Amino acid sequence: MALGSMTYQDARDRAEDLNNAATKMDEEFNKLRNEMNTLEEVLKSKGADELYSSYKTLEAKLNGFPNKVRDFRNFLLTAVKQYEADDAELSGE
């Protein structure tokens, strides 16, 4: 069976794509953190201080984004597993 027009395997593949995207987000956010930490050491001005302060407010939220993507991935995998179990039960397997 399927989830709408998507097969169960397609849904699992999209879940893996989400996991890969979350990992990429982690990598990019780490690069950003490194750059911003270097920036603070190099630039000394009121504008740089304001930029860094604004960034620090944002930085506290960065991990939430890939974690939300991972949460959705887990939801999707759980849904696929449940749909498969329901289909098996309905078809008498």
Side-chain angles (χ1 to χ4, degrees):
M1 296 295 293
L3 301 165
S5 62
M6 183 181 289
T7 67
Y8 294 133
Q9 188 57 51
D10 288 340
R12 281 191 205 87
D13 291 344
R14 296 305 71 79
E16 187 58 29
D17 291 344
L18 289 170
N19 191 51
N20 293 338
T23 298
K24 181 69 174 167
M25 289 172 76
D26 286 330
E27 292 167 0
E28 293 300 321
F29 290 161
N30 284 333
K31 288 179 189 176
L32 175 62
R33 282 184 187 97
N34 291 336
E35 284 294 321
M36 291 304 291
N37 288 334
T38 300
L39 180 67
E40 185 194 26
E41 296 169 6
V42 173
L43 292 179
K44 299 292 182 196
S45 71
K46 182 176 170 140
D49 290 345
E50 289 178 17
L51 172 64
Y52 190 75
S53 177
S54 295
Y55 162 72
K56 290 307 275 183
T57 301
L58 174 64
E59 181 188 32
K61 300 175 185 179
L62 289 180
N63 288 338
F65 295 109
N67 289 339
K68 291 292 183 190
V69 172
R70 286 185 187 94
D71 289 346
F72 186 73
R73 170 199 180 258
N74 293 337
F75 165 78
L76 181 56
L77 290 175
T78 299
V80 168
K81 186 176 180 179
Q82 185 62 54
Y83 271 77
E84 281 182 313
D86 292 348
D87 281 349
E89 185 177 322
L90 289 172
S91 66
E93 294 177 9

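Note that the coordinates shown come from a computational prediction; the quantities given were computed from them, not determined experimentally. The chain is numbered in sequence order, starting from 1.
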Check against salt bridge (charged side-chain N to carboxylate O under 4.0 Å, His left out), Lys81 and Glu84: CA-CA 5 Å; Lys81 186 176 180 179; Glu84 281 182 313; over 6 Å; no
Full working for side chain to side chain contact (heavy atoms under 4.5 Å, CB included) between Leu51 and Met36: CA-CA 9 Å; Leu51 172 64; Met36 291 304 291; 4.2 Å; yes
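No option in Thr78, Asp86, Val80 other than Asp86 meets the side chain to side chain contact (heavy atoms under 4.5 Å, CB included) test with Gln82.
Between Leu76 atom CG and Asn19 atom CG the span is 11.5 Å, to the nearest 0.5 Å. Atom OG1 in Thr23 sits 11.0 Å away from atom CG in Leu18 (nearest 0.5 Å). Atom CG of Leu77 and atom CD of Glu16 lie 8.5 Å apart (nearest 0.5 Å). Distance check, rounded to the nearest 0.5 Å: CG of Asp10 to CZ of Arg12 gives 10.0 Å. The distance from the CG atom of Asn30 to the CG atom of Asn63 is 8.0 Å, given to the nearest 0.5 Å.
Residues Met25 and Phe72 share a single hydrophobic cluster, defined by chaining ILVMFWY side chains whose heavy atoms lie under 4.5 Å apart. Tyr52 and Leu62 fall within a single hydrophobic cluster, where Ile, Leu, Val, Met, Phe, Trp and Tyr side chains are chained together by heavy-atom contacts under 4.5 Å. By the criterion of side-chain heavy atoms lying less than 4.5 angstrom apart, applied directly or through intervening Ile, Leu, Val, Met, Phe, Trp or Tyr residues, Phe29 is grouped together with Tyr55 in one hydrophobic cluster.
Judged by distance alone, with hydrogens and angles left aside, the side-chain atoms of Ser54 form a donor-acceptor pair with the main-chain N or O of Glu50 at under 3.5 Å.
Within the 4.5 Å cutoff, the side chain of Asp26 has heavy atoms near those of the Arg70 side chain.
Remark: Phe65 pairs with no residue by the ring pair (Phe, Tyr, Trp, His ring centres under 6.0 Å) rule, at least two apart or across chains. By the side chain to side chain contact (heavy atoms under 4.5 Å, CB included) test, Lys68 is found to be paired with Asp71, residues two or more places apart in sequence or in another chain being considered.
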